[in-house]
Amino acid sequence: MNDPQTSLSQQLLHLKKKTSWSWETMCRQFHQVMGKAGPSNTTLFRYASNKIKRPNPVVEKYVQDAIHKTEIELAQQGLAESERHRKRAEHELQGIETRFRSLVENAQDVVYRY
């Protein structure tokens with residue numbers, strides 16, 4: 001059974017678990033990525049818990065698109081954070097290499113690798 005309602009529910013719950021957002025925060029994020037207001041946090045919760053009495057195709061389309069755009073934005077933020085982390089680590093490594101090179105070049109003893 002491939003129920004689109006269940007799929008939407010699972011997507012909402014997966015995103016909420018992945019981000020640890022409250023329903024209100026998720027709702028604000030959706031409005032931000034979509035550039036317009038959409039369903040309330042109560043409506044999102046009802047969809048996630050399959051307690052919608054009459055599904056609304058317009059709301060469902062909005063939520064599907066918002067989930068997709070939010071996941072793309074989160075992935076891009078993750079990539080940017082990884083790049084910042086890589087650059088920071090590279091900078092720290094250069095500092096360590098400089099200090100080590102200075103130590104070896106100025107050492108009175110013989111330094112070798114065994």
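We count residues from 1, following the sequence as given. Reckoned from all heavy atoms, side chains included, excluding hydrogens, waters and symmetry mates.
- Atom CD in Gln29 sits 5.0 Å away from atom OG1 in Thr70 (nearest 0.5 Å).
- With rounding to the nearest 0.5 angstrom, the NE2 atom of His14 is 9.0 Å from the NZ atom of Lys17.
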For this session: Go through the steps to decide whether Tyr47 and Val63 satisfy the test side-chain contact (heavy atoms from CB on, under 4.5 Å), and finish with yes or no.
Result: CA-CA 10 Å; Tyr47 269 94; Val63 172; 5.7 Å; no
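- Residue Asn50 comes nearest to Ser9 through the heavy atom pair OD1-CB, 3.7 Å, listed as atom of the first residue, atom of the second, then distance.
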For this session: Before giving the answer on side-chain contact (heavy atoms from CB on, under 4.5 Å), spell out for Lys69 and Phe30 the whole-Å C-alpha distance, their side-chain angles and the decisive distance to 0.1 Å.
Result: CA-CA 8 Å; Lys69 287 182 177 184; Phe30 284 0; over 6 Å; no
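- Put simply, the side chain of Lys53 does not reach to within 4.5 Å of the side chain of Arg46, judged on heavy atoms.
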For this session: Quick one: do Lys61 and Asp65 satisfy salt bridge (charged side-chain N to carboxylate O under 4.0 Å, His left out)? Show the steps, please.
Result: CA-CA 6 Å; Lys61 175 75 171 128; Asp65 291 348; 3.1 Å; yes
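- With values rounded to the nearest 0.5 angstrom, Ser22 atom OG is found 10.5 Å from Leu44 atom CG.
- Within 6.0 Å of atom CZ in Arg101, 12 or fewer heavy atoms from other residues, nucleotides or ligands are found, so the atom counts as exposed in its surroundings.
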For this session: Evaluate side-chain contact (heavy atoms from CB on, under 4.5 Å) for Asn41 paired with Met26, printing each intermediate quantity in order.
Result: CA-CA 7 Å; Asn41 56 339; Met26 187 181 297; over 6 Å; no
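- Side-chain N/O atoms of Gln11 and Ser7 include a donor and acceptor closer than 3.5 Å.
- Between Leu93 and Glu97 the shortest side-chain heavy-atom distance falls below 4.5 Å.
- Atom CD1 of Ile67 and atom CG of Leu74 lie 11.5 Å apart (nearest 0.5 Å).
- You'll find the side chain of Lys36 reaches within 4.5 Å of the side chain of Tyr62, heavy atoms only.
- No side-chain N or O of Glu73 forms a donor-acceptor pair with one of Gln32 less than 3.5 Å apart.
- One N or O on the side chain of Thr19 and one on the backbone of Leu15 form a donor-acceptor pair closer than 3.5 Å.
- For Ser49 (side chain) and Phe45 (main-chain N/O), a donor-acceptor pair under 3.5 Å exists by modelled atom type.
- Contact between Cys27 and Pro39 at its shortest, heavy atoms only, is SG-O, 2.8 Å.
- In this structure, CE on Met34 lies 10.5 Å from NE2 on His68, to the nearest 0.5 angstrom.
- Note on Glu90 versus Lys87: no salt bridge recorded, every NZ/NE/NH1/NH2 to OD/OE distance being 4.0 Å or above.
- Atom OG in Ser40 sits 8.0 Å away from atom NE2 in His31 (nearest 0.5 Å).
- Grouping the Ile, Leu, Val, Met, Phe, Trp and Tyr side chains by contacts below 4.5 angstrom, directly or via other members, places Ile72 apart from Leu12.
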